[in-house]
> 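Encoded as C-alpha cells, here's the structure I'll be asking about.
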Amino acid sequence: MTPLNKKPVFAHSAKNTHENADRDEHNKKTWQSLFLFLAAYFIIWSIAPAFLATSVPLDVSEGISWGSEWQWGYYKHPPLSSWVLYSFYEGFGHIGPYLLSQLCVLLTLILVYKLGRQVWDTQTALLGSVLTLAVVYYSYPSLEFNHNVAQFPIWAGLYLAFYHAITRNQLRAWLLVGVVGGIGMLTKYTVIFLLLPMAIYLLLPRQWPLLKTPKPWVAAAVMLAIFTPHLYWLITHEWLPLTYASGRAHDVEETANTVARHFTWVGFIIAQLIAHIPLIIILALNRKRLLGVRTYQQNLSAHHALLWYLWAAPIALLVVLSLVFGIGLRDMWGMPMWALSGLLVASFIVPSLQAMAARKVKKAVMVWLVLATVLSLVYVGLGDKIRHKPSRMQWPEQTLAMQAHDTWPSLSTCPIDSVSGDRWLGALVAINNDHPSQMISGPASHSPWMNIARLKAHGTLVLWQEEDPLMLPLLDELVQTEQAHESFAIHQGQWQLNWRDDSIEPLTVNWMAYVPKSCVPTSK
C-alpha cells in the first residue's frame, strides 16, 4: 500500500543529508513538545472538573445509578456504558467519570493514529490524530460521560477493524469487527448508523467474493452472540428502550409541523458543521500546503476511498431517514461520527510540506485546546455566578446527599434501601449514600429492580420539587391496598438548600419518608 503522494527519490548530497537530519530533529522536537502539552491537557481535564463542579452532570448521575443495579438493560439504553461508568466511579470517586471520558477520547486518538499508519504514513497519522481534537465534540461535551462519549473509541475501533477486514480478509480482523460491533450495540443503538453502511458496502458487487466466504458471517454471528443477552432482556422487558424512544418521538411529532419533521436533517448538518469550525479554521491556515482536489482525486486509491465512504455514509443515511421517513435527528447523535475528520484533513497536506504543517498545526491545536480548557473550566467553576443561573454541574449535590444521610437515620434504624421520585434528585442522593436503589418517577417498568415486597420490607425516601408531578405506581399500589399508616411511619418535610451563588433563591426539596414499622426507633 502506498501513500497518496510518494516523494521522488533523488541522490542527496552531504549538505542535503545534513539539512534533512536537522529538519527531522526539529520535527521530532515539535511532536515531543506537543505530546507533553497533550499529557498535561488530559490530566487537567481528568481531574480539574471534579474539584470545580459541585455536582456531576445529569447523564453521569443517571448512569452511575443504573450501573449499580447491574442489569442487562435500562429503560433508555443498553447497559455497557453504565456498567463501566459505575465501575470507574467506585474506583476513583468523583474523578472517575471525567477520567473515563478522557480515556475514551485518548483511546480514540490512538485508534485513529493506528488507522492512519495503515492507510498513509506516520506523519499523516500523527497529524490526523491530533487534528481530531479540533472537532468540538472531543472537548467540552466530553466532560459529561454518557453513551455518546462511550461510543468515541467504538466508532474509531470499527473503522480500523473494518478496514483491516476488507483489505486483509483475515479471520481475526473479521472477529474484531464482530466483537467491537457487539460492544457498540451494548453501548448505544445508534452505532447501527455505522454498521448499516458497512453491511451495504459488503453488498456492492466488488465485495461479493467476501460474502461467499464464512468470515463476514462469523463476524455477524459474534456480534449477535455478544448482543444476545441484551436482546433477551429487551424481549422480557417489553422492549423498554425502543418504546421509550418511540414515546419521545411521538411527543415531538405532536408539537412539530409534519413537513418540518422531514427536514430536521438541515439543523443536524448545521450542528455538525459548527462542531467542525476549529478544524475548518486550522485547515484554512494551512491552505497553501494542501493538495489540489484534482491531484488528490488522481492519487485516491480504493483504500483511501473506503475511509471517505465510512466517514460520509452514516451522515448520508441519517439524511435519508430524516428526509424520507421524517425521523427527528438529535444533534448529539453526531458526537461519535467524526473520528476520521482530522485524518482525512491531514491526508490533503502535501507530503513534502508536512513537517512545516506540523508546526503550524501544533500551534493552532494548542491555542484551540487552551481556549477550550479555559472556557470550559471557567464555565464549570464560575458559570453559575456569572449567569446567576446554575447548570446541572453546579447543583448542591453534597448538601442534598448530606440532608438525606442525616434525615433517614433519624427516622429509621434500617439503612436507606431506595430513593424515589425525581430522577435527578434521587440519583444525586443515591450515588453518595452507599448506592441505595432508585425508583424513578414513571412506569414501574423503568425500575425493574423495585417491587412491592421490597418497598414493604424496607420503605423508601421520596424526593420531589413542587413543579415535578410524581408517578410512583408501586408505592401508590402499596398505599391503596394496605392501610399505609399501619405498615409505615410516614414523615414529611422540606429542605432548603443554598446554592454556591448566594444571590440565587435557595433550592426547595420536598421529601416524604416511608419507614417500615419494624425499622421505627423505639424512642419515637
> Test of understanding: with ring-ring contact (aromatic ring centres under 6.0 Å, His included), list the residues that count as partners of F42, not counting sequence neighbours.
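Once residues adjacent in sequence are excluded, F42 has no partner under the ring-ring contact (aromatic ring centres under 6.0 Å, His included) criterion.
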
> Donor-acceptor check, side chain of S65 to backbone of S61, threshold 3.5 angstrom: yes or no?
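Flag not set: sc S65 to bb S61 has no pair under 3.5 Å.
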
> Strictly by side chain to side chain donor-acceptor pair (under 3.5 Å), give each pair with a member in residues 180-193 just once, sequence neighbours left out.
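The answer is N148-K188, Q151-T190, Y189-H230.
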
> Restricting to side chain to side chain contact (heavy atoms under 4.5 Å, CB included), what partner residues turn up for V136, sequence neighbours left out?
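For V136, the residues satisfying side chain to side chain contact (heavy atoms under 4.5 Å, CB included) (neighbours in sequence not counted) are S139, P141, A275, P278, W368.
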
> What about the rings of W45 and Y98, do their centers lie closer together than 6.0 Å?
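No, the ring centres sit 6.0 Å or more apart.
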
> May I ask you to check whether W83 and W72 place their ring centres under 6.0 Å from each other?
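They qualify: ring centres under 6.0 Å apart.
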
> Give the intermediate values and the outcome of salt bridge (charged side-chain N to carboxylate O under 4.0 Å, His left out) for residues E62 and K76.
CA-CA 10 Å; E62 194 171 56; K76 287 186 185 180; 3.1 Å; yes

> With R172 as the cation and W174 as the aromatic partner, state whether NZ or CZ is under 6.0 Å from the six-membered ring centre and within 45° of the axis.
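Cation-pi check for R172 and W174: fails.
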
> Only counting residues at least two apart or in another chain, list the ones meeting side chain to side chain contact (heavy atoms under 4.5 Å, CB included) with I315.
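Expected list: F268, I269, Q272, W338.
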
> Under the rule for ring-ring contact (aromatic ring centres under 6.0 Å, His included), what residues qualify as partners of Y74, not counting sequence neighbours?
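ring-ring contact (aromatic ring centres under 6.0 Å, His included) list for Y74, sorted by chain: W66.
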
> Taking salt bridge (Lys or Arg N to Asp or Glu O under 4.0 Å) as the test, write out the residues that go with E397, two or more places apart.
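Expected list: none.
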
> Given 3.5 Å as the limit, does a donor-acceptor pair link the side chain of S82 with the main chain of G67, or not?
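Not a single qualifying donor-acceptor pair exists.
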
> For K114, look at atom NZ and say whether over 12 heavy atoms of other residues, nucleotides or ligands are found less than 6.0 Å away.
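Not buried by this count: 12 neighbours or fewer within 6.0 Å.
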
> Check step by step if side-chain hydrogen bond (donor to acceptor under 3.5 Å, both in side chains) holds for S101 and S142.
CA-CA 6 Å; S101 281; S142 71; 5.7 Å; no

> Under 4.0 Å between a side-chain nitrogen and a carboxylate oxygen: does that hold for K385 and D501?
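No, this pair does not count.
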
> Under 6.0 Å between ring centres, would you say that holds for H94 and Y89?
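Yes.
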
> Once rounded to the nearest 0.5 Å, what's the spacing between atom CD1 of I277 and atom CG of L283?
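It is 13.5 Å, given to the nearest 0.5 Å.
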
